[in-house]
Structure formats: structure tokens, C-alpha cells
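Please read the structure below before turning to the comments.
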Amino acid sequence: MRLSRFPLATAKETPADAEVVSHQLMQRAGYIRKLGSGLYTWMPIGLRVLNKVAAIVREEMNRAGAVEVLMPSIQPAELWEQSGRWAQMGGEMLRIKDRHNNDFCYGPTHEEVITHHVKQDVRSYRQLPLNLYQIQTKFRDERRPRFGVMRAREFLMKDAYSFHIDEADLAREYQVMREAYTRVFDRLGIDYRIVQADAGNIGGNRSEEFHVLAGSGEDLLAVSDSGPFAANIEAAPCVAVGARAAASAVMQQVATPGQKTCEQVARFLDTALTAKVKLLVVQTAAGELRAVALRGDHQLNEVKAAKHPMIGAGFVMAAPEKVEALFGCEVGYLGPVNSPIPVIADHAAAVIADFTCGANQTDFHLQNVNWGRDCPEPETADLRNIVEGDVSPDGVGRIKFYRGIEGGHIFQLGRKYTEAMGLSVLDEASQPVTPWMGCYGIGVSRLVAAIIEQRHDDKGIVWPASVAPFTVVICPIGMDRSDAVRETTESLYAALQGQGLDVLLDDRGQRPGAMFADAELIGIPYRIVIGDKALADGQVEFKARNLAEAERVAATAEAVRARIAAA
RNA sequence: CGGGGAGUAGCUCAGCUUGGUAGAGCAUCUGCUUUGGGAGCAGAGGGUCGCAGGUUCGAAUCCUGUCUCCCCGACCA
């Protein structure tokens, strides 16, 4: 490609509305342009990268035996009514009407559609297993789109759906997909971790996420420092550790005027934060109030709480007025002693002896409180977020936190959708069975940003060759005043292109500094500089984007090609 | 959804408090010079000041409404 004919709009200044480095660089390097909140146009150079990432995903999906389809981005409401999700989904789903006033949505995901089609065509166990995928634009009306294409409303996603005669075959396919995803992420040249995940409202049992490690990531990952354990903090179980010591002192009430938070009380009474029990009040979807006891330094894990039978999905933190009316004190002074509602204690809170807690009386706390003696033995459960330094749930190593960008997610869905949509096939005994289903997503457009988060320097993007918009850029110095430079440039350009390389020729006639700055900003992996000086020795300059030093190679396509191959 | 902020040239922003015919840098165009790290000089083009209404002799500036965008939080998964 000749740059003189390729619309590339780079900017020196960092755009004001871009917070994370990938968004800034994509905008500055002219990869994307914003159309509206969470809506981005992929400009020519950006599209080349997006297409290369998509191509790698496609290759690995095909290699793994999945088959590509393309479903509409607009879906009839009817299908979502069948699965029950038309009512369940919130404002995240963009609902639209056609001219006949019929309801549709812009697809946020395609479980319903694919299940519908499989139902149309698959009748026999002989047609299974089946794994269908597409690379399609999705729309999710995020409350708060941010970070450019990393959390956009419209985005490109690869979503695959597999169907199986039994659970064992689903588990087998899940492993196949896990390996395919591993190959994809390896080829993208990024540092990533596979972590246990919560399946969320999509449903299902086993689920893992592929996270690109980055400080700007929106997810917190709990990873063992010396073992294999790794989980999204949402899904990281906390094991009950240690037994409760015997009570050693008499419960007593102390005045703690104005001390509302655990930190304040611990400081005021000069006791350890870990010896304090705090009580949170949640309101279930049915409107009932429940108290959750946590150790002073711990936080409620909302995913775990939503799974607890006494709390359930759809709970919210209770309004302070309701809590105060029920307990007769301000929310900063709640405790399990004489609690008017059932208390569910996290394992870590349940093993503390002689703890400090609110007295259910404003400006007073209780010390030396003991479960079973001063208040009932609570129902116990795993309800907290794991914290750094905790023993890994599998017992190997200690937990360390990382931030990650969710680039892929694989699920064993089970039969939720096949049942809801009435999909059944005949088995060997001519009996109808409901197939098991898996689904597997990769955020293609998000991955472009995620790669940049990991691969950039102060000059710009540093692409791995696998997804770079161009593999090599040729920068001729003084092309219009030196015949030697012009001739070498043209012949090298033609020859490298002939070898199948994606070559960019900077024939804009810019000064060297401008050419170099642009090449570095847009992140081309290899740069060839052709100038009279080196050419006098029959050489050109070769520089890899990720290395500091330039070197000289013979001014032939073979020599350049060999040098690239060696890099 | 709650709170905060911003909409002025293609981009980044000043001007608004105290109303008087629209500014800078970058980018673009022309000419000359320059040519190994985002060149210099001279000149030029480019804006219904988000939109609608109001106040006023006069509104980018004051008032009302509205739309959009950004940030923090909550929510959702």
C-alpha cells in the first residue's frame, strides 16, 4: 500500500476524552473515530487489525471443528419471549419496533436464535455434536460505555454455540474450545490468564474467562502466587479457615460516639479490624430484609450473596431508613446481638471469638461478643470477596490480585435454552432428549484495544506481527532527489509485496522525522529506511519496532525478508 | 438512574464573570527555502459559537427549555 493513497489521519495531540492508553493511541493513530457514545467507526488502518484478529479467531475455530454461520443482528422479540429473557433483560437490551409495530431487539447475544435454527434442522443424535459460530456485531446498551472500543455499546464478537447429546460430550467440546482459545490468545502475542468465572445471568455451570492482564482492566483476578488457582474475584471461593477459639471475656457495652465505620471503631477502641464483625442489611427481591455478618476488613461478594438461598438473585442493599426503623439505631451501629432479622455470617466472621460489633444502639458498640453465647449461632456461608494474602482455595499458595480485561469467556450452559426453546432430538433408543449446550465468546474488537494496553511505549503502538496492519514500512529519504533511492525503493516495495508481505510505502514525501514518528505511532513491526548513505554501500537500514537499535542489511528483498524472518 | 463538568475552526482550547461585528496553537492550502527524528519564513482559506425560545438597540456572553458528550457513583452481567 502506498501511503499517498491510503487515508491515514494521525494526530500529535492526545484526544481529551480518552482515558486509557489504548483509546488514546487508537484515536491518535487514526484507527478509530467516535460516532457517538460507545459507537466507533473502524478507519482503514484500524479495520486491517480488526480483520487480522478476526481471521486468527476464524482459523482457530475452523481448526477446532466449529462451523461458521452469520445470524441477523436484529432479532424478533418472540424468540426472547420463549426463553423468558425478553422480560428478564434490563435496559442493556436495545429494543426496537418495525413499521408494523412488532417488537425486535438489536442482538446482545444469540443463544435464542441459534437454538431456534438448530431446532429447525436437527432431529437426530447423529447430527450432534454441532458447534456453530459467527463473527457478528452486537449491541449492548451499556449504562456507561468507556475506554473506547474496550467497553463500547456496539462491538464485534465471535460467539459460538455447541450442542451435545449428553453432558460428557459437552465437557469434551468445552476442552476443545478451551484449547482453541489458548491458541488464539497465544497467536495474539499477549500475556493472559484463564480464570474461573461466574456464569452470570446467561446460566450454566462451568465457566472460565480469558483475561488479558492490564492495569486498566475492569476485572479483578485472584491468582495463587505458587499454584494453579486463578479466578475472577466474583467467582473466587473463600475457604473456611481455622476453628473458633473459646470465649475468654464477658461481653460489655462501650460508648463509641460518632464512630460509624469499622476502621473508625477499630482505631477508637484500639482493636484489630480483623476482630470486628460488621452487619450489612440486604433486601431480597421479595422485599424481605436479611442481615449479613462479615469480618471488619472484608467485603460482601454480591454474586455469592445472590446465590444464597436466604438472599437470592435481585437483592439490593436495604435503604438506610428501613434499616434504622427496624434496628432502632443508625446503620453504623448494627450488630448480631438481638438482631430483629436472621443473620447469615460469612465463614471468616463466624470463627471470630471475643469480637467487637455494633450494639444496635446509636453511639455504642459491644466488645467480647461470642456467637452461641451472646447471640445465636448464625447460618454460615461463603459470602465475602477473597482478599490478597488469603490462602488459595485449593490450599496451594497465597492469593495475589491482578487486573484483567475479559477477552474471552467459555461456558457449559447445560440445558437452560434447549429446554426453554423446546429443542429435542431422538437418541439411539428413539427417545427424545434435550441436548446440552455450550457457548463461547471472544470480544474481537475489545481484543484490539487489549493488545495495545499491553504492547505500547511512549512513541505509540508496538504490534505483534500477527495482527499488525502492515508488517513492514518502507521510508525512503529524499526519494524525489535521488534516483538511487527511488529505484531501490520501488524495486524493494514490489519485491516484498510479491513475497506476500503487507508492505506500506511512505511515499508522501515527508521529512524523515515525520515518517518515523507516524510509523512508530501506528506500530508497524519493521521499518526499512532507504537513504543515499547506506545505499552507497548497497545497504538499507532495518529496525524492529520493539528494539532500540537499527542495523544495516543488504538492499535486496531476500536480505530484508531473511532479517524479518529471523526477528 | 443520582451527582459533577463540557459543547466556540478538522483537532486541542481561550473568550463568557463585567453584552458591542470571533481568537490562539496544531492541521489544511499557496509560494520560497529546507530534507536522517513531527522544518523555517511569507501569505491564505476555514466557525449559523450544540439546538430552540426569551431579555436587550445589540447575545458566544444574561435567562428558560432541550439535545449531545465526558467524569464519579449506583445499577446490570
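Here the structure is a predicted model, which means the values were calculated and not measured. First the proteins, then the strands, lettered A, B, ... as listed; each starts at 1.
Rounded to the nearest Å, the gap between the P atom of A27(B) and that of C41(B) is 12 Å. The separation of A74(B) from A9(B), taken at their C1' atoms, amounts to 39 Å, rounded to a whole angstrom. Going from the C1' atom of U12(B) to that of A6(B) covers 14 Å, rounded to whole Å. As rounded to the nearest Å, G15(B) and A24(B) have P atoms that lie 15 Å from one another.
The side chain of S37(A) places no N or O atom within less than 4.0 Å of a non-bridging phosphate oxygen (OP1 or OP2) of U68(B). Residue K34(A) has no polar side-chain atom (N or O) positioned under 4.0 Å from OP1 or OP2 of C69(B).
With respect to E208(A), the side chain to side chain donor-acceptor pair (under 3.5 Å) criterion is satisfied by exactly one of Q196(A), H409(A), R178(A), Q412(A): R178(A).
For the residue pair Q136(A) / H110(A), no side-chain donor-acceptor distance below 3.5 Å is found, with atom types taken as modelled. A donor-acceptor contact closer than 3.5 angstrom links the side chains of D159(A) and Q134(A). Judged purely by distance below 3.5 Å, without hydrogens or angles, the side chains of Q27(A) and H23(A) pair a donor atom with an acceptor atom. In this model, no donor atom of one side chain and acceptor atom of the other lie less than 3.5 Å apart for S162(A) and E173(A).
Nucleotide A39(B): paired with U33(B) (Watson-Crick or G-U wobble, both distances less than 3.5 Å). In this structure, U28(B) and A44(B) make a Watson-Crick or G-U wobble pair, each of the two defining distances being under 3.5 angstrom. A14(B): no Watson-Crick or G-U partner with both key distances under 3.5 Å is found in any strand. The partner of A52(B), taking Watson-Crick or G-U wobble pairs whose two distances both stay under 3.5 Å, is U64(B). G2(B) is paired with C72(B) under the Watson-Crick or G-U wobble criterion, all donor-acceptor distances under 3.5 Å. Base pairing of G19(B): no nucleotide in any strand meets the Watson-Crick or G-U wobble criterion (both distances under 3.5 Å).
In this structure, Q24(A) places its CD atom 15 Å from P of C70(B), rounding to the nearest Å. Atoms CZ (R153(A)) and P (U68(B)) sit 10 Å apart, rounded to a whole Å. The CD atom of E13(A) sits 15 Å away from the P atom of G10(B) (whole-angstrom rounding). If you take CZ of F147(A) and P of C70(B), they are 12 Å apart, rounded to a whole angstrom. The interatomic distance linking M89(A) (CE) with C76(B) (P) rounds to 13 Å, in whole Å. Rounded to whole Å, atom P of U33(B) lies 13 Å from atom CG of D480(A). Atom CG of L35(A) and atom P of U68(B) are 14 Å apart (whole Å). Rounded to whole angstrom, the span from the CZ atom of R140(A) across to the P atom of C75(B) amounts to 20 Å.
Heavy-atom distances under 4.0 Å link RNA chain B to R511(A), P512(A), G513(A), A514(A), F516(A), A517(A) of residues 506-517 of chain A, given in residue order. For residues 230-237 of chain A, proximity to RNA chain B is found at E234(A), defined as any non-hydrogen atom under 4.0 angstrom from a strand atom. For the segment residues 518-543 of chain A, residues with any heavy atom less than 4.0 angstrom from an atom of RNA chain B are, sorted by number, D518(A), E520(A), R527(A), V529(A), G531(A), E541(A).
Using a 4.0 Å cut-off between charged nitrogen and carboxylate oxygen, K97(A) and D103(A) count as a salt-bridge pair. Salt bridge absent: E541(A) and K543(A) never bring a charged side-chain N and a carboxylate O closer than 4.0 Å. Under a 4.0 Å N-O distance rule, the pair E520(A)/R527(A) qualifies as a salt bridge. For R563(A) and E551(A), the salt-bridge test passes: some basic side-chain N is under 4.0 Å from an acidic carboxylate O. Electrostatic pairing of E19(A) and R146(A) does not count as a salt bridge here, judged by no charged N lying under 4.0 Å from a carboxylate O.
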Give the C-alpha distance, both sets of side-chain angles, the deciding distance and a yes or no for side chain to side chain contact (heavy atoms under 4.5 Å, CB included) between L423(A) and Y417(A). CA-CA 8 Å; L423(A) 169 65; Y417(A) 295 95; over 6 Å; no

Would you sort out whether V560(A) and L501(A) count as a side chain to side chain contact (heavy atoms under 4.5 Å, CB included), showing the intermediate values? CA-CA 11 Å; V560(A) 170; L501(A) 281 180; 5.8 Å; no

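Within 4.0 Å of R28(A), counting heavy atoms only, lies at least one base atom of the nucleic acid.
Side-chain to base pairing of R143(A) with C75(B): one donor and one acceptor N or O lie within less than 3.5 Å of each other.
Taking the six-membered ring for Trp, F470(A) and F6(A) have ring centres closer than 6.0 Å.
Of the candidates A27(B), G37(B), C75(B), G37(B) carries the atom nearest the K459(A) side chain, counting heavy atoms from C-beta on.
Two residues, T14(A) and R146(A), neighbour RNA chain B, and the one matched to the more 5' nucleotide by heavy-atom proximity is T14(A).
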